[in-house]
Amino acid sequence: MSVLDAPVTAAAPAAPTTGLTPIFVRLKLTLLRNGLRQSSGRRAAYIASLVFTLLLAAGQVLGLVLLRGNAQAGTVVVLLTAVVALGWAVLPLFFPSGDDTLDPTRLVMLPLRPEPLVRALLVSSMIGIGPLFTLCLAVGSVLALAHGPAGVLFAVVAVPLTLLLCVALSRAVATANVRLLNSRKGRDLAVLSGLVIAVGIQFVNFGAQRLGEAGGLSTLEPAGNAARWLPGASAIAAVDAASRGSYGVAAAQLLVTVAALVALVWLWQRGLVKLMTAPDGSTLAAAEPTRKESGRTGLSALLPEGRTATVVHRSLLYIARDPKTKAAWVTALAIGAIVPLINALQGTGSIYFACFAAGMLGMQMYNQFGQDTSAFWMVALTISSTRDAYVELRARALALLLITLPYTVVVCVATAALLGSWQALPGVLGISFALLGAMLAIGAVASALFPYSIPQEGAFKNVAPGQGGLAWISILGGMLAAPVLAGPVIALTVWLHVADRQDALWLVIPAGAVFGALIGWAGLRIAAPRTANRLPEILTAVSKG
């Protein structure tokens with residue numbers, strides 16, 4: 001039985017909870033201060049984040065104040081508040097380590113009751129950069145909307161309600177998923193947050209362009225009218241309604257926020273009790289017998305036995321299981337498709353934007369040994385000659401091609417279908433194949449000459465301290481050199497267009513495939529002896545993280 005439900009007896013009196021909130025506030029401030037004392041880099045990062053947030057908040061407040069009196073001010077403010085509230089709901093899933101100081105699992109052994117614990121956590125959670133930004137948003141929003149005594153009265157209530165709702169929403173979601181977030185799947189989710197941000201930026205850009213074409217902010221009114229009754233924005237919408245004299249609507253919208261806040265706190269409290277009383281899988285005996293290790297499966301099972309099949313299988317497992325490798329691949333796959341397809345949907349893109357997919361995936365050949373981290377020593381033990389190094393690199397390139405070749409074809413065909421540019425499709429495919437081969441060649445050489453470590457901790461730490469220069473040289477150098485190496489195929493495609501021989505563009509497909517294969521083979525041959533001769537240096541570089 002957990003301490004949350006332990007009965008109060010004379011022999012074991014309950015710990016006093018009076019003053020628990022001030023204790024948690026001081027604890028939060030102390031942990032924050034001590035964390036900043038650990039290193040000057042952490043202090044600099046925190047100060048920079050704080051300054052950036054304050055500048056962004058100041059600009060946001062100024063922009064909202066300038067909206068005062070605008071006919072669409074209410075719509076814009078309500079939608080903005082709804083988006084921020086949505087951010088509070090989903091960010092704990094992507095940044096589970098953003099606030100380790102308030103992890104409820106660390107409080108399991110303390111004699112704390114749920115009600116005062118929730119109050120203390122709620123108040124202490126409002127200390128930080130995120131709550132400060134949200135407070136500035138709420139203040140700016142009511143400044144833009146409040147008119148008259150009724151509007152001001154509702155604004156005074158709406159600001160703290162909005163902040164409390166956002167914080168409670170964040171904590172309720174985090175508590176409900178804390179065991180997921182502490183698992184390997186949760187770490188995968190955190191690492192993939194960069195993908196969500198990148199994809200979101202593309203869709204925001206697409207939506208903004210469509211908004212401009214549609215005639216301005218008035219097109220947002222239907223969405224704004226629906227958002228006015230959502231808990232995350234209803235309190236701010238109540239200020240707008242009260243300023244316009246709709247007191248009944250304002251009271252109802254404010255009541256929606258109050259009811260949502262009460263429900264969230266109740267769900268949060270239930271989640272805390274369940275989290276701190278129910279056992280998890282780590283405390284239970286295994287219910288099923290240990291599964292036998294399976295052999296090679298999937299694409300690698302089609303390859304003949306030997307080093308090539310083993311390396312391909314290992315590379316595919318990295319892509320499927322290692323969080324950092326998986327994040328890099330999923331990001332490359334998503335961005336490689338989004339850039340050409342979004343531009344095609346806008347009607348302003350070129351079919352040759354589809355070559356971006358080959359470039360994004362070709363970058364996965366870079367820093368091959370850094371992906372192994374310190375486990376590379378086991379691979380190094382199996383490399384005793386240039387031949388071994390060549391087979392190792394060739395198998396890694398083959399694993400990459402098993403995914404990139406069909407993916408590149410799909411993206412090119414989809415872009416051509418959206419634009420109706422079927423005649424230019426052979427040229428795009430040929431250039432993509434040549435670019436892919438060039439990036440495989442450069443990536444193999446760069447992996448041998450400029451290896452660097454990829455730290456396993458931290459979702460956004462992709463280079464070990466002191467190795468940033470190596471990463472930039474490797475990636476930027478390859479991005480600049482790949483089009484140069486693929487220059488003959490690009491020149492052939494341009495010449496066929498200029499000479500108005502587009503009926504002969506189909507020749508670019510075999511030309512690009514053969515050229516890409518030859519340049520890739522040459523790159524592997526060049527990289528193999530350098531890999532074999534530099535094994536100690538590579539092992540030292542990739543083990544620094």
Given 3.5 Å as the limit, does a donor-acceptor pair link the side chain of [X] with the main chain of [Y], or not?
X      : Y      : answer
Tyr407 : Ala337 : yes
Ser170 : Cys166 : no
Thr404 : Leu361 : no
Thr53  : Phe133 : no

Derivation and outcome, side-chain contact (heavy atoms from CB on, under 4.5 Å), residues Leu64 and Leu143: CA-CA 7 Å; Leu64 291 173; Leu143 288 177; over 6 Å; no
Can you tell me how far apart [atom1] ([X]) and [atom2] ([Y]) are? Round to the nearest 0.5 Å.
X      : Y      : atom1 : atom2 : value
Leu80  : Leu137 : CG    : CG    : 5.0 Å
Leu272 : Arg270 : CG    : CZ    : 12.0 Å
Gln364 : Tyr318 : CD    : OH    : 15.0 Å
Gln269 : Arg119 : CD    : CZ    : 9.0 Å
Leu55  : Leu50  : CG    : CG    : 9.5 Å
Thr81  : Ile236 : OG1   : CD1   : 5.0 Å

- prompt: Quick one: side chain to side chain donor-acceptor pair (under 3.5 Å) partners of Thr134, sequence neighbours excluded?
  reply: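 Here the qualifying residues are Trp88.
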Side-chain touch [X]/[Y], heavy atoms, less than 4.5 angstrom:
X      : Y      : answer
Ser124 : Leu27  : no
Val84  : Thr162 : no
Val77  : Val142 : no
Trp329 : Leu400 : yes
Val61  : Val139 : no
Trp229 : Val249 : yes
Ile23  : Arg26  : yes

So, for [X] and [Y], which heavy atoms are closest and what is the spacing to 0.1 Å?
X      : Y      : answer
Asp240 : Arg228 : OD2-NH1, 3.0 Å
Val256 : Ser234 : CG1-OG, 3.8 Å
Val167 : Met126 : CG2-CG, 3.8 Å
Val265 : Ala168 : CG2-CB, 4.5 Å
Gln60  : Cys136 : NE2-C, 4.4 Å
Val239 : Ala158 : CG2-CB, 3.7 Å

- request: Mind checking side chain to side chain contact (heavy atoms under 4.5 Å, CB included) for Ala238 and listing every partner two or more places apart, or none if nothing turns up?
  value: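 Residues passing side chain to side chain contact (heavy atoms under 4.5 Å, CB included) with Ala238: Phe154, Ala250, Gln253, Leu254.
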message: One pair to check against side-chain contact (heavy atoms from CB on, under 4.5 Å): Leu132 and Leu54. What are the steps and the verdict?
response: CA-CA 8 Å; Leu132 175 62; Leu54 289 175; 3.5 Å; yes
message: So for atom CZ, which belongs to Arg68, do other residues, nucleotides or ligands contribute more than 12 heavy atoms lying within a distance under 6.0 Å?
response: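 Atom CZ in Arg68 is packed in, count exceeds 12.
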